[in-house]
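Here is how names work: the chains are called A, B, and so on, in the same order as the sequence lines, proteins then strands, and each is numbered from 1.
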Amino acid sequence: MTKFQQSFDQKVWQVVASIPSGQVMGYGEVARAAGFPRYSRMVSGAMSRSPEPLPWYRVVRSDRTLAFEAGSEEYREQAQLLKQEGVRFEGNKIIEQPRGDNLDEILWGPQ
DNA sequence: CCCTTGACTATCT
DNA sequence: GAGATAGCCAAGG
């Protein structure tokens, strides 16, 4: 492990682990929250190196689409996990988050 | 060193 | 809105 990874990974794990169920964050947002702006491309590596299972599937692209190739095995898994938490999709794009604090909204969706 | 590779982004057509 | 393009940055060959 390089010194960079030691500090970077730790912070990224911490941020990703803190994403609430039913919500998502972009790679860039995670990097920024971890204190490493412009390191979006490093985030996936940090997650894959985590010794503990992380809610990796809550991290998506800045345009709210999933980072895997549409239709791939990984894509379907991530989409399924997110849907389990109440995340809604419009095509391949995630619909902006249901502030999961109201039962009516959870049952009926935003609007 | 130089080049390529990513679970990326912002910007311009 | 879909492509293309140019930045981005650590790692590994």
Side-chain angles (χ1 to χ4, degrees):
Chain A
M1 288 299 240
T2 68
K3 187 170 243 175
F4 170 78
Q5 288 172 332
Q6 275 180 57
S7 45
F8 181 75
D9 290 6
Q10 277 288 129
K11 299 295 296 178
V12 169
W13 298 339
Q14 180 178 322
V15 171
V16 173
S18 78
I19 306 175
S21 172
Q23 292 202 204
V24 296
M25 270 185 105
Y27 290 89
E29 302 174 70
V30 170
R32 194 161 9 88
F36 292 81
R38 296 191 298 297
Y39 281 64
S40 55
R41 303 195 81 147
M42 309 291 108
V43 170
S44 62
M47 293 193 291
S48 63
R49 284 189 296 272
S50 171
E52 288 299 316
L54 286 175
W56 56 270
Y57 51 88
R58 297 185 185 142
V59 183
V60 301
R61 291 199 182 117
S62 58
D63 64 2
R64 305 281 104 155
T65 62
L66 306 192
F68 294 108
E69 180 190 352
S72 67
E73 193 53 43
E74 288 279 35
Y75 184 99
R76 282 196 297 277
E77 184 188 0
Q78 181 171 16
Q80 184 247 73
L81 287 166
L82 288 173
K83 285 174 182 173
Q84 275 183 45
E85 301 190 335
V87 173
R88 317 237 311 324
F89 287 75
E90 177 167 3
N92 295 323
K93 208 154 174 174
I94 289 177
I95 297 174
E96 251 352 294
Q97 255 11 313
R99 18 337 165 182
D101 48 12
N102 176 313
L103 182 57
D104 285 340
E105 288 179 350
I106 295 175
L107 293 176
W108 292 95
Q111 248 57 222

Output the distance between atom CD1 (I19(A)) and atom CG (L54(A)), rounded to the nearest 0.5 Å.
-> 9.0 Å
M25(A) CE to dC8(B) P, in whole Å, measures 16 Å
Excluding sequence neighbours, so at least two apart, what forms side chain to side chain contact (heavy atoms under 4.5 Å, CB included) with K83(A)?
-> F89(A)
For DNA chain B, find the residues of residues 63-83 of chain A with a heavy-atom distance under 4.0 Å and give them by number; none if there aren't any.
-> A67(A), F68(A)
Please report, rounded to the nearest Å, how far the P atom of dA10(B) is from the CZ atom of R61(A).
-> 13 Å
Within the distance-only criterion (no hydrogens, no angle test), does the side chain of R32(A) pair as donor or acceptor with the backbone N or O of P37(A) below 3.5 angstrom?
-> no
Would you say dT9(B) has OP1 or OP2 under 4.0 Å from some side-chain N or O of S62(A)?
-> yes
Using the P atom in both, what is the distance from dA7(B) to dG7(C), to the nearest Å?
-> 23 Å
Annotated protein contacts, base or backbone, on nucleotides 6-12 of chain C with a non-hydrogen cut-off under 4.0 Å, one of B, S, - each = -BBBSS-
With distance as the sole criterion, is a donor-acceptor pair present between the side chains of Q80(A) and Q84(A) under 3.5 Å?
-> yes
Find out whether S21(A) and R58(A) are in side-chain contact, i.e. whether some heavy atom of one side chain is under 4.5 Å from a heavy atom of the other.
-> yes
Pairwise distance CD(E85(A)) to OH(Y57(A)) - rounded to 0.5 angstrom = 4.0 Å
Considering all heavy atoms, the nearest V87(A)-G22(A) contact = CG2-O, 3.7 Å
Separation between CH2 of W56(A) and CD of E74(A), rounded to the nearest 0.5 Å = 5.5 Å
